[in-house]
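Because only heavy atoms are used, hydrogens play no part in the values below, and waters and symmetry mates are left out as well, while side chains stay in.
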Amino acid sequence: MKKIVRALLLPGVMLMLLTSCNTETTHFNYTFKGESETWSAVYEQTASQKLIIKNDRVKDSDTSKRFTFQLHYKGEQSDLGEMKQLKYEYKASSGGGGSQTMEGPIPVALMKMSGAGSGSFAKEDSVIKVNVEWDGHSEEFELKNEKQGK
């Protein structure tokens with residue numbers, strides 16, 4: 001008799017646990033693009049947010065993201081070798097961002113940043129502000145989700 005009760009009790013308890021605590025994962029994969037007279041940039045993001053729902057309420061969330069920021073010089077690539085200093089930074093409306101300062105000659109490979117982590121990430125309608133300074137010049141421009149148009 002005890003074996004029958006255990007055999008029925010265990011699946012019942014498992015079913016209760018599975019229905020009382022649920023998770024829902026949403027993915028946020030976006031590409032943001034923009035340009036100025038001299039520079040263009042692309043920010044690509046793959047992010048996910050898992051909401052932990054218990055009793056029809058969000059109890060917690062777990063986020064993760066991977067991103068790549070690539071700055072492109074629109075002039076002749078040989079001009080980069082003549083630059084004495086380059087500083088660029090980007091800031092997303094969600095609070096994330098990064099910056100880098102380099103002394104010349106500027107290698108094209110270093111005009112890229114990537115990373116991964118948890119926390120805030122860019123939403124579909126986010127605007128990413130980019131500021132580039134080089135040899136006494138500066139330009140600012142915005143990156144917008146390519147699905148939203150320019």
Would you check if [X] and [Y] make a side-chain contact, meaning some heavy-atom pair closer than 4.5 Å?
| X | Y | value |
| --- | --- | --- |
| F121 | T63 | yes |
| V132 | L86 | yes |
| I128 | K144 | no |
| H27 | T25 | yes |
| Y88 | Q100 | yes |
| L143 | V130 | yes |

NZ/NE/NH1/NH2 to OD/OE distance under 4.0 Å, E133 and K87: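 No.
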Decide, yes or no, whether a salt bridge links E103 with K84 under the criterion of side-chain N to carboxylate O below 4.0 Å.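 Salt bridge between E103 and K84, a charged N being under 4.0 Å from a carboxylate O: no.
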For D135 and Q85, work out which heavy atoms get closest and say how close. OD1-N, 3.0 Å
Exceeds 12 heavy-atom contacts within 6.0 angstrom, atom CD of Q77: yes
Report the relative orientation of the aromatic rings in Y30 and F32; use parallel for angles under 30°, tilted for 30 to 60°, perpendicular for over 60°. perpendicular
Parallel, tilted or perpendicular: ring planes of F69 versus Y90, cut at 30 and 60 degrees: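 The arrangement is parallel - the two ring planes meet at less than 30°.
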If we count only N and O atoms by modelled type, under 3.5 Å, do the side chains of E44 and T68 hold a donor and an acceptor together? no
Looking at S120, is its backbone amide N or carbonyl O close enough to the side chain of K65 to form a donor-acceptor pair, meaning the two atoms are under 3.5 Å apart?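 Answer holds: yes.
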Taking the six-membered ring for Trp, are W39 and Y73 closer than 6.0 Å centroid to centroid? yes
